[in-house]
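This report concerns only the one structure given below.
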Amino acid sequence: MASRAPLFFLVICFCLGHAKSFIEVVCDKTITGQVNLQSMLTCQVETTQEIPDLTITLVVWKKQGDDQFMSVLDKRDGKGNKFQPGYKVTLNDRTVSLVITDTQVKDEGVYTCHVTTDSGIAKTTTNLKVTARYNAPIVDSIDEEIVRNAYKSLICKATGGYPKGKLRWFDEHKMEWTASAELTVNKTEDGLFELFSKLPLMKGSTFSQYTCVVYNASGNKEDSVPIILQSTEKEPYKKPLSAIIAPVLVVGSLIVGLLFALLICRRRSQREYMSDIWIEV
Ligand SMILES: *[C@@H]1O[C@H](CO)[C@@H](O)[C@H](O)[C@H]1NC(C)=O
Ligand SMILES: *[C@@H]1O[C@H](CO)[C@@H](O)[C@H](O)[C@H]1NC(C)=O
C-alpha cells in the first residue's frame with residue numbers, strides 16, 4: 001500500500017496541472033452598472049508561465065440562465081464576430097471586455113467569459129449588479145376617508161429606482177413617523193421600483209411640516225422632499241368644553257340677574273299702587 005501512495009499523488013498532480021492549462025481569466029467578482037449608462041465587464045487573461053507572444057483567438061461571453069445570450073469575438077481565419085445588438089466584445093492586448101451600451105435591470109446576473117488562446121483555454125464568471133437612482137419623491141396631501149380617526153393623509157411616491165429602497169417620514173422636529181405609514185411597492189415593466197407611502201394624520205396631530213425621505217437599497221439617503229401643511233389643512237381647531245361653558249355661565253347669570261331685578265321693580269310699583277287706592281278709600 002505504502003509504495004503506491006507517491007504514484008497516486010503524482011497522477012493527481014499531473015491531472016490538475018493539465019486541466020489548469022497555462023491560461024487563467026481573472027475578473028472582478030462583482031461589477032456594478034447603472035441603468036441607462038454603459039457597463040463594462042472586464043477581465044484579464046493571465047498566464048501561469050511566461051508566454052511573451054500569447055495569441056487570443058476566441059472570446060465568448062455567455063449569461064447564466066439565458067441561453068439566448070452569446071456575444072463572440074472570433075479572430076480565427078474565415079470566422080466573424082457575433083455581437084448582439086447593444087452588446088460588444090472588445091480585446092485590448094490581454095484585456096477582454098463585454099460592453100453593455102445601455103444597461104437595464106434585465107442585464108443583472110452572472111456572466112461567463114470563455115477565452116481560447118494558442119496556449120490553452122480558460123473561463124471564469126463575473127457578476128453584474130445593476131442600480132438606478134430614485135427620482136425625487138412627489139409629496140402631497142389628500143383627504144382621508146378610510147383610516148379611522150384620521151382627517152388627512154400625506155402621500156409620497158418615488159419612482160425609477162433599483163433595487164428596492166425605502167421611504168421614511170419625519171416631522172419638523174426630526175421625529176420619525178414611518179411606523180404609522182403604509183408602504184406599497186410596485187415593479188414597472190423595465191424592472192424598476194415604484195415606492196408609495198401613505199401617512200395618515202390623526203386628529204390632534206399638530207405638526208406643520210413633514211419630510212418624505214427616499215433611501216436606496218443599501219440605506220443611503222437619496223433625496224428628501226418636505227411638505228408644509230397650510231393652516232387650513234391642519235385639523236380644524238376645536239374649542240375645549242370649558243371655553244364654551246364659561247361664556248354660557250356669564251350670559252346665563254346676567255339674564256337671571258336682569259329677570260330678578262325686573263321682578264323686584266314690578267313688586268314695588270304694585271305695592272305703591274295698592275297704597276294709593278287705600279288712601280283714596
Ligand atoms: C401599483 O400597481 C397597481 C396595479 O398595477 C396600480 O393599481 C397602483 O396604482 C400602482 N401603485 C402605484 C403607487 O403606482
Ligand atoms: C446607495 O447610495 C450610495 C451613496 O450614493 C452608493 O454608494 C451605493 O452604491 C448605493 N447603493 C445602491 C444599492 O444603490
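Heads up: numbering here begins at 1 and tracks the sequence. Both counts, for ligands and for their atoms, begin at 1 and track the order of listing.
Here the protein heavy atom with the shortest distance to atom 11 (N) of ligand 2 is S218 OG, 2.6 Å.
Here's the thing with E222: none of its N/O atoms is less than 3.5 angstrom from an N/O atom of ligand 2. In terms of polar-atom proximity, defined here as any N/O pair under 3.5 Å, N216 does make such a contact with ligand 2.
Distances from atom 7 (O) of ligand 2 to the protein include no heavy-atom value under 4.0 Å. Atom 2 (O) of ligand 2 is flagged as protein-proximal [any protein heavy atom, distance under 4.0 Å].
Salt bridge annotation for K152-D143: present, with a cationic side-chain nitrogen under 4.0 angstrom from a carboxylate oxygen.
By the 30° and 60° cut-offs, the orientation of the rings of F193 relative to Y162 is parallel.
Atom CG in L128 sits 7.0 Å away from atom CD in E108 (nearest 0.5 Å). T117 contributes atom OG1, which lies 9.0 Å from atom CZ of R94 (distance to the nearest 0.5 angstrom).
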Stepwise side-chain hydrogen bond (donor to acceptor under 3.5 Å, both in side chains) test for E176 and T178: CA-CA 6 Å; E176 184 161 5; T178 315; 2.5 Å; yes
